[in-house]
Protein chains: 2
Amino acid sequence: MPATISISNRLLVALAAENLDPLRPHFQPVSLPHKQTLSKPGTSIEHVYFVQQGMVSLVQPLENGTMIEVGMIGNEGFVGVPVLLGAESSPLEAMVQIPGSALRMQASAFREEVTRRSTLLALLLRYVQALHIQVSLSAACNGRHTLPERLARWLLTARDRATSDELPLSHEFLSMMLGVRRAGVTVAVGTLKTAGLIRNSHGRVTIIDRQGLEAASCECYRTVRNEYERLLS
Amino acid sequence: MPATISISNRLLVALAAENLDPLRPHFQPVSLPHKQTLSKPGTSIEHVYFVQQGMVSLVQPLENGTMIEVGMIGNEGFVGVPVLLGAESSPLEAMVQIPGSALRMQASAFREEVTRRSTLLALLLRYVQALHIQVSLSAACNGRHTLPERLARWLLTARDRATSDELPLSHEFLSMMLGVRRAGVTVAVGTLKTAGLIRNSHGRVTIIDRQGLEAASCECYRTVRNEYERLLS
DNA sequence: GTCCATTTGTACGCTTATGTACCGACCTGA
DNA sequence: TCAGGTCGGTACATAAGCGTACAAATGGAC
């Protein structure tokens with residue numbers, strides 16, 4: 001481990017040195033390979049992850065074997081909200097969608113540090129509020145908006161967390177996130193492609209008109225983004 | 001105000017006297033009339049409400065003038081999670097669905113008490129986790145389950161909070177909660193009625209076969225209920 | 001008892017998305 | 001260079017839910 005780890009997680013960046021430095025000894029840099037599961041439904045959560053690069057999806061597995069995404073976490077947040085809130089486990093699964101890296105911390109150490117430092121606690125709780133709004137909007141969005149709108153929203157949200165216009169995603173994976181058929185994604189991708197907003201090849205979607213994509217997306221993208229800005233800046 | 005207010009909110013009941021008594025002076029008993037709004041999107045939240053009886057819906061208003069429910073709060077919880085998490089406001093609206101009563105507290109006093117008492121904080125955070133799971137499952141449910149399943153889930157969840165098998169609800173209101181057409185609700189109610197699970201007349205739905213309704217509902221009802229039990233008992 | 005607003009039942013054509021299936025395109029590694 | 005797996009495009013019949021409209025039933029106010 002280097003003497004000082006470079007920090008790109010925005011929660012940690014927001015901390016003054018006096019609040020950040022005591023945490024440093026607990027951090028273990030880890031890479032986040034594609035499709036890795038960071039926490040499994042119903043099992044005890046061992047670590048929290050402050051995402052540095054890449055993107056992690058919160059997904060809900062369903063009894064019929066399908067799954068659907070309910071939230072997204074990038075370098076603006078951390079994986080392990082249940083630990084902060086006092087739960088040992090959660091029915092949700094955290095799965096790496098876009099490969100990257102994170103700073104990992106033992107759940108027990110995390111719990112201890114947080115209860116000791118109220119500034120840290122306050123910051124993390126504001127993040128929980130932002131995530132809560134994101135999940136709430138997902139509920140609304142899944143109920144009321146069309147697939148192309150939701151796809152546009154998803155791509156924009158992912159882009160903000162991936163910090164790249166090129167996203168390594170197959171239609172198959174997108175269909176799991178959006179909770180629809182793979183063939184349905186192909187059609188929706190087709191409409192955005194025809195509109196000149198994105199390009200795609202095998203396992204890769206590229207955003208070429210961010211503005212246009214925002215217009216094609218439902219209001220949910222903007223609402224959630226504004227809420228993150230409001231709460232975490 | 002009576003010398004001691006009788007407490008039926010389950011969060012407050014779970015507190016030992018030493019943690020509850022300091023809160024008592026802050027409580028103002030209020031009634032929750034049907035359709036009252038407890039907090040409006042985007043406006044500063046003045047009070048938190050520990051629900052004693054009745055049920056409050058968290059709804060997301062959308063740009064097209066419709067709305068959809070993302071969460072439900074009864075005597076197992078409180079209205080005002082954003083205050084606990086450090087936000088002044090939220091895009092969600094809290095609206096009384098089933099009339100009842102609550103203990104109201106100034107947001108500022110609430111914030112102060114909570115930061116001072118870690119037992120109280122820990123309890124309320126576990127509730128936030130349970131609510132978070134409920135909202136997450138709503139997102140999944142809205143994306144993947146059929147209307148009769150979702151209606152059954154909704155009725156069961158409402159029943160648990162109303163503590164009565166007779167719910168004062170019109171199809172119109174149910175359609176707002178479920179984010180579907182009023183006529184769609186009528187059809188879905190019809191299928192549950194034909195199956196002998198519920199009865200309904202003007203502005204009233206009565207559950208007559210709770211077990212059967214649970215079988216007709218999707219897994220989401222059970223998942224969420226189990227999570228509440230796990231976290232709050 | 002009568003009136004009237006609210007609530008409920010039902011119908012119609014239409015849109016969105018489903019489930020399944022098949023084939024071609026692309027990419028990697030031997 | 002070729003083989004084999006993954007990924008993407010398309011098709012077809014079907015189902016779920018929509019938007020709209022209209023009429024019947026209900027029940028509280030007078």
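Throughout, a chain's letter reflects where its sequence line sits, starting with A, and its residues are numbered from 1.
- Put simply, CZ on Arg199(A) is 17 Å from C1' on dG8(D), counting in whole angstrom units.
- Going from atom CG of Asn64(A) over to atom C1' of dG19(C) covers 13 Å, rounded to whole Å.
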Protein heavy-atom contacts under 4.0 Å, written 5' to 3' over nucleotides 1-17 of chain C as B (base), S (sugar-phosphate only) or - (none), form the string -----BBBBBB-----S
#### Entry: Check against side-chain hydrogen bond (donor to acceptor under 3.5 Å, both in side chains), Thr163(A) and Gln53(A)
CA-CA 8 Å; Thr163(A) 57; Gln53(A) 272 123 38; over 6 Å; no
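- A salt bridge links Arg210(B) and Glu214(B); the closest N-O separation between the charged side-chain nitrogens and carboxylate oxygens is under 4.0 Å.
- Salt-bridge formation is not detected for the pair Glu219(B)/Arg222(B): no Lys NZ or Arg NE/NH1/NH2 atom is positioned less than 4.0 Å from an Asp or Glu carboxylate oxygen.
- Side-chain atoms of Thr157(B) and Arg161(B) form no donor-acceptor pair, as typed in the model, at a separation below 3.5 Å.
- Across Ala140(A) and Val70(B), no two heavy atoms sit closer than the pair N-CG1, 4.2 Å.
- Computed from coordinates, the Met176(A) CE to dC7(D) P distance equals 12 Å when rounded to whole Å.
- The distance between atom CZ of Phe173(A) and atom C1' of dG8(D), rounded to the nearest whole Å, is 17 Å.
- The local environment of CD in Gln36(B) is crowded, with over 12 non-hydrogen atoms from other residues, nucleotides or ligands closer than 6.0 Å.
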